Amino acid sequence: MVSQVSDLRAATSGNHQPSVIAKRAEQTTRVADSQQRDPIRLSRTLTPEHTRQQSLLQRAQQQLASAQVAERSLMDIGKGLMDLNKRLGMATRSAQASHQVESQVSQITSSLEQTFNQAQYQEQPVLSRQLRPNFHGDAQTTFSVKGLDTTRVVNRDEMLVFNLGKGGANAVPVKIPANATPEKQASQFRQAFNEHGIGVGLNKQRQLVFSAKEGDWQRLQQSLKVTGQGERFPAGKANRAKIEATELRFEPTKLKVDRAALHDSQAETKRLMQQVKASVQELREYRRVISEKMSSISQKSPQLAGLSLESVERDLQSILPQEMSFTQVYQNIRVQANVHRHTAVALLSK
């Protein structure tokens, strides 16, 4: 996402040469054939810079559409979570979960799971199980490995060997130099884990954070083992490593409603509501930045500044594939704040 916003930012700077693209046609009841824009001629007169800017606009269009689907899905999930919290609260106050409440909770959680599974754009998921926006590729779960602190006690080189549970020869050695900074440690892990599809970074506290797609997360949670040198992990035989998701995972159908679990289930539901709130705010800020860059590109690019959105869409339809109306997406972002307004106000005020 950062690279995409950077690309758009770069396109808004610098001077652009005058374009030979056709000017706006005069609005008359009938337009002569000679006044019609020729899309083939137009495509031949576009410079590489023009084409690059239009490509950026198309990419921004797709990102905005994806973000809209994600936000709409989050608002629906937030509404379901509020309903679920209400039902669990009723059961908690009565100190038991009645058969009726259990049935209602089951219906809500099934609906929530269905909403999550349908949160897709162009057959790609737009949300992770941690209810975070996913703008491309497989949705990821971020996690930490217990005991893998970047603040080391012993000042010496350390060799850690991880078994990822894939079967066969799958040992992954990671050498941590003495006095390695958190950034250096993250780099060492990144080099070792990258080919296995595991991402590595640092959080705000400069502690290691890993990410894996859904199937890998399930396997790592059950099978990850590590051999150390007696500093952070025991030497000799590989031991199971405990991994913990950095944020609660959204798995509504696993929610327990028996009497002993009611308080924990309600606390989990409230935490998920907070994650929805944070993600909605993140999406709105992301859409704001993207829409501003789209406007800036159009305003600073001479061949686009004099054309309406409808004209851009019509003139470029032979050059850029149109999977969704550019005009519709661009204008929708201006009224998106009115979508599910009552639900948004209720959710974001929690």
Side-chain angles (χ1 to χ4, degrees), residues 1-6 128-251 264 267-268 271-272 274-275 278-279 282:
M1 181 175 72
V2 174
S3 63
Q4 292 163 341
V5 174
S6 298
S128 74
R129 277 288 175 183
Q130 292 170 306
L131 298 178
R132 290 300 182 185
N134 178 59
F135 294 106
H136 58 84
D138 296 317
Q140 305 276 314
T141 288
T142 57
F143 61 93
S144 60
V145 179
K146 188 174 182 179
L148 199 57
D149 197 308
T150 54
T151 304
R152 299 177 58 194
V153 178
V154 181
N155 183 20
R156 66 184 181 190
D157 291 354
E158 181 183 22
M159 177 64 75
L160 302 176
V161 180
F162 291 84
N163 186 309
L164 305 181
K166 292 183 177 181
N170 62 346
V172 181
V174 182
K175 183 178 181 180
I176 307 298
N179 298 320
T181 64
E183 289 75 17
K184 177 62 176 179
Q185 293 182 52
S187 176
Q188 295 295 101
F189 275 97
R190 193 176 300 117
Q191 291 177 22
F193 285 173
N194 183 59
E195 63 179 286
H196 300 281
I198 300 175
V200 185
L202 295 174
N203 61 16
K204 293 181 180 179
Q205 291 73 41
R206 299 175 76 202
Q207 294 298 328
L208 291 165
V209 176
F210 303 85
S211 64
K213 60 185 180 181
E214 186 64 23
D216 290 339
W217 157 258
Q218 299 291 349
R219 186 191 72 253
L220 291 170
Q221 189 180 32
Q222 299 172 5
S223 307
L224 181 65
K225 294 182 179 181
V226 59
T227 303
Q229 292 182 313
E231 179 185 339
R232 290 185 284 188
F233 298 97
K237 184 179 179 180
N239 291 273
R240 278 283 300 276
K242 184 177 181 181
I243 66 175
E244 300 174 339
T246 56
E247 292 182 296
L248 194 63
R249 281 169 52 84
F250 179 68
E251 298 174 296
D264 289 343
E268 180 178 320
R271 286 172 60 192
L272 288 169
Q274 290 300 314
Q275 288 174 212
S279 292
E282 178 184 341

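When reading the values below, keep in mind they use all heavy atoms of this one structure, side chains included, and skip hydrogens, waters and symmetry mates. This is a predicted model, so every value here is computed, not measured. Numbering starts at 1 and runs along the sequence shown.
No side-chain heavy atom of Lys242 sits under 4.5 Å from any side-chain heavy atom of Val145. Here the side chains of Leu160 and Gln229 are not in contact, with every heavy-atom distance at 4.5 Å or above.
Under the 30°/60° scheme for interplanar angles, the aromatic rings of Trp217 and Phe143 are found to be tilted. Between Phe233 and Phe162, the ring planes lie perpendicular to each other; the angle is over 60°, past the 30° to 60° tilted range.
Side-chain contact annotation: Thr142 with Ser211, donor-acceptor N/O pair under 3.5 Å absent. Judged purely by distance below 3.5 Å, without hydrogens or angles, the side chains of Gln222 and Gln218 never pair a donor atom with an acceptor atom.
The shortest non-hydrogen separation linking Ile176 to Gln188 is CD1-CB, 4.2 Å. The two residues Gln207 and Thr151 have their closest heavy-atom pair at NE2-OG1, 4.2 Å.
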**Prompt:** Between Glu214 and Arg249, is a salt bridge (charged side-chain N to carboxylate O under 4.0 Å, His left out) present by the stated rule, with each step listed?
**Reply:** CA-CA 11 Å; Glu214 186 64 23; Arg249 281 169 52 84; 2.7 Å; yes
**Item:** salt bridge (charged side-chain N to carboxylate O under 4.0 Å, His left out) evaluation trace for Arg132 with Glu247
**Value:** CA-CA 10 Å; Arg132 290 300 182 185; Glu247 292 182 296; 2.7 Å; yes
**Request:** In sequence, state the C-alpha distance, the side-chain angles, and the governing distance for Leu220 and Ile243, and then conclude on side-chain contact (heavy atoms from CB on, under 4.5 Å).
**Result:** CA-CA 8 Å; Leu220 291 170; Ile243 66 175; 4.0 Å; yes
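Considering CD of Gln185 and NZ of Lys175, their distance stands at 14.0 Å, rounded to 0.5 Å. Note that OG1 of Thr150 is 8.0 Å distant from CZ of Arg232, once rounded to the nearest 0.5 Å.
The list of salt bridge (charged side-chain N to carboxylate O under 4.0 Å, His left out) pairs with a residue in residues 146-156, not counting sequence neighbours, reads Arg152-Glu158, Arg152-Glu231.
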